[in-house]
Colleague: 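Before I ask anything, here is the structure I am working with.
We name chains A, B, ... by the order of the sequence lines, and we start the count at 1 in each one.
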Amino acid sequence: MIKVKNLTKYYGKRLAVDNISFEVEKGEIVGLLGPNGAGKTTTMRILTGFLMPTQGQVEIASFDMLSHALEAKRHIGYLPEAVPLYTDMTVRSYLDFVGRLRGLTDQKVKSRIDDVVDICHLEEYVDVIVSKLSKGFRQRVGVAQAIIHEPDVLILDEPTIGIDPIQVAQTRQLIRELGKGRTILISTHILPEVSITCQRVIIINQGKIVAEDRIENLSAMVSGARRIRLEVSGPADKVTDRLRRIKGVQKVNYRMPHHIVETLPQQDLRGQITEAVMQSGWSLLSLESVEMSLEDIFLKLTVHEETDR
Amino acid sequence: MRNAGIIAMKEFKSYLASPMAYVVVGIFLALTGVLFASSSSTYLETSIRGFLQSGVYSLLLLAAVITMRLIAEERKLGTVELLLTAPVRDSEIIAGKFLGSVFLLAVMLVLTFYYPILLKMFGDPDWGAIAAGYLGLFLVGCTALAVGLFASTLTANQIVSAVVAGGILFALWLVGLVAGYLPRVLAGLVNFFSLAFYFPDFVRGVIDTRGVIYYVSLTVLFLFLAVRSLENSRWS
């Protein structure tokens with residue numbers, strides 16, 4: 001449903017999105033994950049036709065966003081990061097305006113307002129002026145406007161940002177429900193959100209895709225990779241050197257006061273490490289095996305090499 | 001066209017819901033009312049000249065205020081993202097915004113109809129001349145709204161938008177003053193751009209086709225510029 005090919009966007013001279021390509025199939029819920037400023041919002045703004053790419057193609061429901069913008073846009077429901085609300089309107093008049101603007105007929109728009117108000121639990125607030133609503137309810141109105149025209153593609157930019165934990169849980173539940181029969185692309189910088197709501201994740205950093213896989217596969221990576229954290233009383237540089245020479249060790253990082261050793265999956269080097277430390281005449285203060293979490297993978301993929309000493 | 005209508009209705013409704021519109025209409029009626037009354041009692045004639053000559057200045061000023069929010073506020077609120085991602089053409093957005101403000105202008109002018117009605121009660125006014133005067137005021141008003149709408153597409157700051165619009169409008173109005181100092185060929189060209197050049201004809205009760213064409217083309221030009229300016233923001 002969503003096809004992105006060689007997408008590049010420059011803001012003046014600053015490169016925001018760097019030649020990314022991906023596809024989202026019908027019925028999939030895909031998370032676009034990345035730190036702040038990675039290019040998530042820019043990518044979504046291009047997908048929805050709000051911005052034009054410097055280069056590359058976007059296809060929504062097999063309509064090209066450049067040449068058939070109106071047809072492509074009819075298939076999209078979009079919730080921008082800053083919920084686009086007219087603060088001087090009531091919830092009902094706002095939804096009415098958005099519904100008509102997206103092409104609903106007079107009769108249809110009335111029944112759809114009832115539907116989305118029901119789906120988003122806004123019954124008590126439908127005649128309240130938007131400026132009187134709390135952040136959480138504004139977010140719900142934002143979701144309601146995105147689905148009012150029953151779009152088959154939903155693009156949600158940070159839908160759970162800035163709302164309280166209970167509302168976050170409700171919003172995630174809502175997104176999962178909306179995912180039935182729809183294609184959803186959701187951006188976030190919160191990791192658990194991806195594993196809760198999405199089937200597949202695209203990790204971007206500095207405008208580039210750094211990883212793309214199904215959640216299960218990433219989880220497999222998580223359980224497969226192994227880290228050992230140890231504290232040694234000895235000169236840090238020499239300890240690092242010694243640890244690096246152990247067979248099977250992939251990488252050694254020193255983060256005061258621990259050394260972190262990464263090994264190949266399914267390999268337990270704890271014995272060898274203990275032995276090496278002892279033989280060098282240092283004392284081993286602690287040693288433990290650390291499971292790699294999605295968090296670690298994310299950091300590994302997005303943090304620069306230079307900070308990764 | 002349906003989309004432009006939807007946007008126009010929404011704009012007009014939000015004018016009716018905002019105190020700003022009432023202040024603008026109130027000031028317009030107060031200013032023109034005072035000048036209508038004073039000119040009518042000074043010249044003892046059954047014409048709306050006094051109202052037209054003063055009305056046009058307050059209209060230029062107020063058009064900048066009426067239109068300043070049209071796009072600038074959308075940019076500030078972030079709702080521009082909603083508009084530009086809806087299945088609507090940029091030209092329909094601008095047309096809708098423009099029509100919404102034209103409705104308000106029409107309301108303002110209709111509310112002044114009691115000036116000629118007063119004249120009718122005390123004398124025998126020339127209805128043709130009055131209609132021509134209103135047409136002239138309406139045309140200048142539309143041009144001013146188009147200029148204001150264009151200025152509103154340039155910024156997210158409503159004050160900046162109003163100042164830019166006011167600047168363009170008064171430059172266009174006063175450019176005619178420069179014409180007196182220029183050689184005849186250039187003077188003709190400058191007058192062609194002057195917003196003030198054709199207006200006195202309408203005040204006298206003459207509908208000059210060139211005047212109508214002039215104001216309509218200038219309106220269309222600024223609406224076109226507004227569409228381009230809105231489009232341009234997608235490429236930034």
Colleague: What part of B:Ser18 is in contact with chain A, defined as an atom under 4.5 angstrom from a non-hydrogen atom: side chain, backbone, both or neither?
Modeller: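 No part of B:Ser18 comes within 4.5 Å of chain A.
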Colleague: Report which part of B:Arg89 has an atom under 4.5 Å of a heavy atom belonging to chain A: side chain, backbone, both, or neither.
Modeller: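 The answer is both parts of B:Arg89.
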Colleague: What part of A:Phe50 lies closer than 4.5 angstrom to a heavy atom of chain B: side chain, backbone, both or neither?
Modeller: both
Colleague: Got more than 12 heavy atoms from elsewhere within 6.0 Å of CZ, B:Arg228?
Modeller: no
Colleague: To the nearest 0.5 Å, what is the distance between CD on B:Glu92 and CG on A:Leu70?
Modeller: 7.0 Å
Colleague: With distance as the sole criterion, is a donor-acceptor pair present between the side chains of A:Tyr86 and B:Glu73 under 3.5 Å?
Modeller: no
Colleague: Supply the atom-to-atom distance A:Arg45 CZ to B:Arg234 CZ, rounded to the nearest 0.5 angstrom.
Modeller: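 With rounding to 0.5 Å, CZ (A:Arg45) is 12.5 Å from CZ (B:Arg234).
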Colleague: Kindly determine whether B:Val88 and A:Leu101 satisfy side chain to side chain contact (heavy atoms under 4.5 Å, CB included), including the steps that lead there.
Modeller: CA-CA 7 Å; B:Val88 179; A:Leu101 204 60; 3.8 Å; yes
Colleague: Do B:Thr85 and A:Ile76 touch side chain to side chain, with heavy atoms closer than 4.5 Å?
Modeller: no
Colleague: Once rounded to the nearest 0.5 Å, what's the spacing between atom CZ of A:Arg102 and atom CD1 of B:Ile6?
Modeller: 12.0 Å
Colleague: Are any side-chain N or O atoms of A:Lys73 and backbone N or O atoms of B:Leu84, one a donor and one an acceptor, separated by less than 3.5 Å?
Modeller: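 Yes, the answer is positive, given that a donor and an acceptor are paired below the 3.5 Å cut-off.
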Colleague: Cation-pi check, B:Lys13 to A:Phe97: give yes when NZ or CZ is under 6.0 Å from the six-membered ring centre and within 45° of the ring axis, no otherwise.
Modeller: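 Verdict for A:Phe97: no cation-pi partner in B:Lys13.
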Colleague: Is the CD atom of A:Glu177 crowded by more than 12 outside heavy atoms at less than 6.0 Å?
Modeller: yes
Colleague: Just so I know, are the side chains of B:Ser14 and A:Met89 near enough to count as touching, which here means a heavy-atom distance under 4.5 Å?
Modeller: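 Of all side-chain heavy-atom pairs linking A:Met89 with B:Ser14, none is under 4.5 Å.
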Colleague: Counting only heavy atoms closer than 4.5 Å, note whether A:Leu85 contacts chain B via side chain, backbone, both or neither.
Modeller: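 Backbone only.
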Colleague: Kindly check if the number of other-residue, nucleotide or ligand heavy atoms within 6.0 Å of CZ (B:Phe113) is above 12?
Modeller: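 Yes - once you tally the heavy atoms of other residues, nucleotides and ligands closer than 6.0 Å, there are more than 12.
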Colleague: With heavy-atom distances below 4.5 Å as the criterion, would you say the side chains of B:Arg2 and A:Arg100 are in contact?
Modeller: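 A side-chain contact exists here, since the closest heavy-atom pair is under 4.5 Å.
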Colleague: In this structure, are over 12 heavy atoms from other groups packed under 6.0 Å from B:Phe224 atom CZ?
Modeller: no
Colleague: Which heavy atom of B:Gly78 sits nearest to which heavy atom of A:Pro84, and what is that distance?
Modeller: O-CB, 3.7 Å
Colleague: Count the heavy-atom pairs under 4.5 Å between each of B:Ala17, B:Ala86, B:Ser233 and chain A, then report the option with the highest count.
Modeller: B:Ala86
Colleague: Which bit of A:Gln145 is near chain B, if near means a heavy-atom gap under 4.5 Å: side chain, backbone, both or neither?
Modeller: side chain
